[in-house]
Amino acid sequence: MKFTTRPTAEPFKIKVVEPLKVTSRQDREKAIKEAGYNTFLLRSEDVFIDLLTDSGTNAMSDYQWAGMMLGDEAYAGSKNYYYLESNVQKFYGYKYLVPTHQGRGAEHMLSQSLIKKGQFVPGNMYFTTTRLHQELAGGTFVDVIIDEAHDAQVAHPFKGNVCLQKFEDLIKREGAANIAYITVGATVNMAGGQPVSMENIKAVYALANKHGIKVVLDATRAIENAYYIQQREQGYSNKSVAEILREFASYSDAATMSGKKDLLVNIGGFVAVNDWDLFEELRNMVVVYEGLHTYGGLAGRDMEAMARGMEEAVQDEYIAYRINQVASLGARMEHYGIPMVKPFGGHAIFLDAKKFYEHIPQTQYPAQALAAHLYIDSGVRAMERGMVSAGRNKETGEEFAPKLELVRLTIPRRVYTQSHLDLVAYSVAELYENRKKAKGLKMIYEPRYLRFFQARFESL
Ligand code: F0G
């Protein structure tokens, strides 16, 4: 094969390897049946290429591992906490830091601190844990993302943008006092890893400020978002990702963070704020739910690894490799005509299961089925992001039928090589060729919260 463009190679080399178990199709058919056709219930050992999530599945560098040995495991005032605090101030610009065990710990405390029962919480599309914590605090989530985000095919460089009109209409309808805050997720996971533009967050911040409403950034993948701004938004091509990130975060009052994504670690998160009173409230709460305010459920070494990961994640060469590796998987599948969410997102390629399995009605969970079939074909583990993830309306009990019925192929950072992803593309293409024979699923067990994690199915 002749190259038509200059290949980009990984900006690192491999120092330690983890052998993978090779299984037969028969083994995998048995395993997925035992797992109730839910990829969350598979044993990791039985998975060949694990694209379930990019969360906590990253490979740490030698610099981060070296930092693990410098863990100061004091109960109070660990030096790793102070280092993490100074890096959050340096790279994101927030004044105060409360570490948490992971993102949802931060969401829990922030929701409980800021939401009064009956208030509305607008956001650019929901994320599962974020919305659940808002609801548990008595709030009601309102989707204010632009319409394009709900369409898997329409092209838009910043498909994660907030629709200012929807936000303003909500303020008019409910009154600013009935809005707890607005969350801006960057990139937007459930929309396919789509970014938010600088212009948009700036305008959201201005509108929110005018009405005395706080802006909370879900900064989980904000570094990946910053790369898109550098590549796509006018006036930013000469700025570093680090500079863009700092400006982006400046248009918010607080952030929740799952360090398990952007920050290249296996565990960790935080909530960061500019307001002293809110910091006081969070510092009081963290000792109840997570741990002392200088460790928040993390070991000193975990905080050190996260602080060091932050320094590596904002490097332009690294982030370009990261986003381009994901895009190249998409480009490869495009040759086979596979229906996918476009443009390709930052952390994952999303297969459009409604189009992929046109003959399977949404009530038979085509995305859940496709994820199971992919595992059987090649041992690749993906995640359903459709009807099962959307859950039920908490008032009527009816199942939501989201427009997007997707399978997420999520790429861990610095973990898989190009050949791994070649195999993924090959396997998806095979399934697509034989799609007419595929059957849907029936749900036979449904847990009360976040049902996608533990629900069980049978093949129809
Ligand atoms: N916000 C976003 C945008 C996320 O993607 C996640 C987690 C969280 C918050 C919660 O963070 O897991 O550390 O508690 N997303 C994972 C995923 C689970 O697979 O997309 P957490």
Side-chain angles (χ1 to χ4, degrees), residues 75-78 80-89 91-123 126-127 129-142 171 174-185 204-205 208-220 222 249-259 263 267-298 302-303 306-307:
Y75 189 84
S78 160
N80 312 112
Y81 165 78
Y82 292 105
Y83 187 44
L84 179 63
E85 181 193 44
S86 70
N87 268 0
V88 169
Q89 288 164 346
F91 292 108
Y92 294 87
Y94 302 106
K95 286 191 198 140
Y96 310 113
L97 169 77
V98 179
T100 59
H101 76 285
Q102 60 182 75
R104 67 198 74 179
E107 292 169 349
H108 167 227
M109 294 197 299
L110 194 87
S111 301
Q112 293 291 336
S113 303
L114 291 181
I115 301 172
K116 291 194 206 85
K117 212 172 153 43
Q119 280 189 320
F120 295 90
V121 194
Y126 80 100
F127 183 71
T129 57
T130 321
R131 182 177 70 186
L132 181 57
H133 278 300
Q134 292 165 354
E135 287 173 351
L136 291 172
T140 301
F141 169 80
V142 183
I171 300 171
E174 306 296 345
N178 289 318
I179 295 173
Y181 54 87
I182 178 169
T183 34
V184 178
V204 169
Y205 190 56
N209 259 336
K210 199 172 103 187
H211 294 278
I213 298 169
K214 278 195 162 63
V215 176
V216 175
L217 176 65
D218 181 339
T220 298
S250 76
Y251 304 124
S252 66
D253 302 287
T256 54
M257 168 61 106
S258 168
L263 303 186
I267 195 70
F270 57 78
V271 45
V273 303
N274 287 327
D275 182 275
W276 174 265
D277 293 335
L278 177 56
F279 176 55
E280 275 283 283
E281 175 67 23
L282 293 165
R283 265 207 309 188
N284 274 295
M285 200 177 271
V286 75
V287 296
V288 182
Y289 294 107
E290 304 273 322
L292 197 72
H293 63 280
T294 55
Y295 76 86
L298 295 172
D302 296 329
M303 291 189 282
M306 187 155 61

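Just the heavy atoms: all of them, side chains too, but no hydrogens, waters or symmetry mates, feed the values below. Computed from a predicted structure; not experimentally measured.
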- Work out which heavy atom in Ala208 is nearest to a heavy atom in Val215; give both atom names and the distance. CB-CG2, 3.6 Å
- Task: List for me each residue that meets ring-ring contact (aromatic ring centres under 6.0 Å, His included) alongside Phe141, sequence neighbours excluded, and say none if there are none.
- Result: none
- Query: Which residues satisfy the side-chain contact (heavy atoms from CB on, under 4.5 Å) test with Asn87, sequence neighbours excluded?
  - Reply: Tyr83, Lys90, Phe91, Ala307, Met310, Glu311
- Message: I need the full list of salt bridge (Lys or Arg N to Asp or Glu O under 4.0 Å) pairs touching residues 272-286, with sequence neighbours left out, sorted by first then second residue.
- Response: Glu280-Arg283
- Task: Work out which heavy atom in Gln119 is nearest to a heavy atom in Lys116; give both atom names and the distance.
- Result: OE1-N, 2.8 Å
- Here the pair of heavy atoms bringing Ala254 nearest to Val273 is CB-CG1, 3.7 Å
Contacts under 3.5 angstrom, residues 285-293 side chains, donor-acceptor by atom type, not counting sequence neighbours:
unit_1 : atom_1 : unit_2 : atom_2 : d
Glu290 : OE1    : His101 : N      : 2.8
Glu290 : OE1    : His101 : ND1    : 2.7
Glu290 : OE2    : His101 : ND1    : 3.2

- Task: Sequence neighbours left out, what passes side chain to side chain donor-acceptor pair (under 3.5 Å) with Tyr251? Give chain and number order.
- Result: Glu247
- For residues Ser113 and Leu282, report the shortest heavy-atom separation together with the two atoms involved. OG-CD2, 3.5 Å
- Nearest heavy atoms of Thr294 and Gly77, plus distance in Å: OG1-N, 3.0 Å
- By side chain to side chain donor-acceptor pair (under 3.5 Å), Thr140 pairs with (sequence neighbours left out) none
- So how far is it from Asp253 CG to Leu217 CG, rounded to the nearest 0.5 Å? 10.5 Å
- Query: Just how far is it from atom OG1 of Thr130 to atom CD of Glu135, taken to the nearest 0.5 Å?
  - Reply: 11.0 Å
- The side chain to side chain donor-acceptor pair (under 3.5 Å) partners of Tyr92 (sequence neighbours excluded) come to none
- Should Met306 and Phe270 be marked as a side chain to side chain contact (heavy atoms under 4.5 Å, CB included) after you check the CA-CA gap, both sets of side-chain angles, and the distance that decides it? CA-CA 10 Å; Met306 187 155 61; Phe270 57 78; 4.2 Å; yes
- Residues in side-chain contact (heavy atoms from CB on, under 4.5 Å) contact with Tyr181, at least two apart in sequence or another chain: Leu110, Ser111, Leu114, Ile115, Val121, Gln134, Thr183, Lys214, Val216
- Listed by chain and number, what are the side-chain contact (heavy atoms from CB on, under 4.5 Å) partners of Ala176, not counting sequence neighbours? Ile171, His211, Ile213
- Considering residues at least two apart in sequence or located in another chain, which fulfil the ring-ring contact (aromatic ring centres under 6.0 Å, His included) criterion with Tyr295? Tyr75
- State, to 0.1 Å, how close His108 and His133 come at their nearest heavy-atom pair, and which atoms those are. CB-CE1, 3.4 Å
- One should read off an interatomic distance between Asp302 CG and Leu84 CG, to the nearest 0.5 angstrom, of 11.0 Å
- Looking only at atom types and distance, does a side-chain atom of Tyr81 sit under 3.5 Å from a main-chain N or O of Leu97, one as donor and one as acceptor? yes
- Item | side-chain hydrogen bond (donor to acceptor under 3.5 Å, both in side chains) partner of Thr129, the single match among Arg104, Gln102, Glu107 | Glu107
- Message: Restricting to side chain to side chain donor-acceptor pair (under 3.5 Å), what partner residues turn up for Asp218, sequence neighbours left out?
- Response: Thr220
- Note on the structure: Applying side-chain contact (heavy atoms from CB on, under 4.5 Å) to Val142 and not counting sequence neighbours gives Phe120, Val144, Leu170
